[in-house]
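One structure is given here, and the rest of the page talks about it.
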Amino acid sequence: MSATPEPPPPHVRAAFGARLEEPELLEGGIAWRCGQDGDVVLKPASSTAEAAWVAQTLDTLAPDEVRLAKPLRSTDGRWVVSGWSATRYIEGRPEPRHDEVVAMSLRLHTRTRSLPYPRFLDARQDIYALADRMAWGEVELPLQADKGGRLYGALAGSRREMQLRPQVVHGDLFGNVLFAGNAPPGLIDFTPYWRPAEWAAAVVVIDALAWGGSDPAIVERWSHLSEWPQVLLRALLFRLAVHALHPRATTASLGGLEYASQMVLEVL
């Protein structure tokens, strides 16, 4: 069994104005809701540079029809304190409103189009960064065949060159968008990648097919996006590589991606 996550220490909570009340571990087991009114969310930051960049970016970003969990500075002006960052709490929970997430992705990325390349991406060596580079043919790594490597190898040869423009995108929106009735969707974090906006939308679609119970027609509903078959393929290769590299992935958990691959093969 995995260890219970450690809550943010008192000095971190105090630095972000959340000294009172015991922190509450939020669904997902990563972030903690703190503060007398429960309006502060504290989250561990694996990379200080990335967490500071995310906070600075979200502090000024104003996408249309999106509720943002606004980042908070500490009392001395820092975005990150002892490996923790903070945002305001926003209401909502993930719901299977997949097309709305895709639409939000496109609105969000019209606002991030002009952002410069984040240099900290060059240093990222986590499995998600490695899987992303693999999907785009930038690196090659061995993948366990029965955890997705065999399917990855069968599909990788279908990649073709594309003319889409890379930019800053959120590459992990599935499950990280909150809905609260008729309110605009809420964005609680930002996982940056340097890829086309169409690819970020395709990742949402692949995730929705594999794990969200989406109907197959979601592929057709977004087929007007540029280079759609190829960005879908790269999104699928990305998730297959993540699955094959992830230490907790199993052959049983591969089924969703095998299902999504059938939808992708139909449009290639």
Side-chain angles (χ1 to χ4, degrees), residues 47 49-66 68 98-140 152 155-174 176-177 184-185 187 189-209 218-242 260 263-264 267-268:
S47 164
E50 182 170 337
W53 179 93
V54 168
Q56 290 170 343
T57 299
L58 294 183
D59 188 49
T60 58
L61 205 62
D64 296 334
E65 299 180 54
V66 178
L68 286 180
H98 308 305
D99 289 282
E100 293 180 59
V101 178
V102 177
M104 192 209 78
S105 173
L106 297 174
R107 294 195 301 275
L108 173 67
H109 295 134
T110 62
R111 298 296 187 183
T112 62
R113 187 179 297 151
S114 61
L115 293 176
Y117 178 78
R119 294 299 172 189
F120 62 80
L121 292 181
D122 293 336
R124 283 184 57 190
Q125 294 295 322
D126 57 89
I127 62 173
Y128 300 94
L130 296 175
D132 168 58
R133 293 170 193 147
M134 288 189 66
W136 289 83
E138 297 169 357
V139 299
E140 292 186 16
Y152 177 98
L155 291 167
S158 297
R159 284 177 299 201
R160 301 291 180 264
E161 287 201 19
M162 296 188 298
Q163 302 302 317
L164 297 177
R165 174 183 177 273
Q167 62 168 85
V168 170
V169 296
H170 191 316
D172 192 26
L173 284 167
F174 181 80
N176 290 313
V177 177
L187 183 62
D189 68 357
F190 199 106
T191 308
Y193 291 82
W194 187 254
R195 298 300 179 198
E198 294 85 352
W199 172 83
V203 173
V204 176
V205 170
I206 292 298
D207 290 351
L209 288 167
I218 193 173
V219 173
E220 177 62 28
R221 288 196 294 272
W222 297 99
S223 61
H224 60 280
L225 296 179
S226 298
E227 307 270 14
W228 187 236
Q230 283 295 312
V231 290
L232 269 180
L233 174 61
R234 281 163 175 77
L236 176 60
L237 291 173
F238 167 56
R239 286 306 192 203
L240 283 169
V242 168
M263 308 302 112
V264 174
V267 299
L268 282 177

Which atom of [X] lies closest to which atom of [Y], heavy atoms considered:
X	Y	answer
H98	F174	CE1-CE1, 3.7 Å
A200	V169	CB-CB, 3.9 Å
A197	H109	CB-CB, 3.8 Å
M134	R159	O-NH1, 2.9 Å
A260	I206	CB-O, 4.3 Å
R239	G171	NH2-O, 4.1 Å

Straight-line distance of [X] [atom1] to [Y] [atom2], nearest 0.5 Å:
X	Y	atom1	atom2	value
L106	D64	CG	CG	12.5 Å
L68	D189	CG	CG	11.0 Å
L58	W53	CG	CH2	7.5 Å
T191	D132	OG1	CG	12.0 Å

Practice problem: Before giving the answer on side-chain contact (heavy atoms from CB on, under 4.5 Å), spell out for E65 and R107 the whole-Å C-alpha distance, their side-chain angles and the decisive distance to 0.1 Å. | Solution: CA-CA 8 Å; E65 299 180 54; R107 294 195 301 275; 3.8 Å; yes
Are any non-hydrogen side-chain atoms of [X] and [Y] less than 4.5 angstrom apart?
X	Y	answer
L115	Q167	no
L155	Y152	no
L173	L187	yes
R234	M162	yes
L232	V267	yes
W222	V231	no
P192	T112	no
L164	S226	yes

Quiz prompt | Working for side-chain contact (heavy atoms from CB on, under 4.5 Å), residues D172 and V203 | solution = CA-CA 7 Å; D172 192 26; V203 173; 5.7 Å; no
Ignoring hydrogens and geometry, is there a side-chain-to-backbone donor-acceptor pair from [X] to [Y] under 3.5 Å?
X	Y	value
Q230	R160	yes
R133	V139	no
R221	D99	no
R165	R113	yes
E50	F120	no

Exercise. Test D59 against Q56 for side-chain contact (heavy atoms from CB on, under 4.5 Å), laying out the working first.
Key: CA-CA 5 Å; D59 188 49; Q56 290 170 343; 5.6 Å; no
Self-check item: Partner of Y193 under ring-ring contact (aromatic ring centres under 6.0 Å, His included), chosen from Y128, Y117, F238
Solution: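 Passing option: F238.
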Self-check item: Under-4.0 Å salt bridge between R195 and E138
Solution: yes
Practice problem: Using the side-chain contact (heavy atoms from CB on, under 4.5 Å) rule, take L108 and F190 through it: C-alpha gap first, then chi angles, then the decisive distance, then the call. | Solution: CA-CA 11 Å; L108 173 67; F190 199 106; 4.1 Å; yes
Practice problem: Could you tell me whether E220 atom CD has more than 12 heavy atoms of other residues or ligands within 6.0 Å of it? | Solution: no
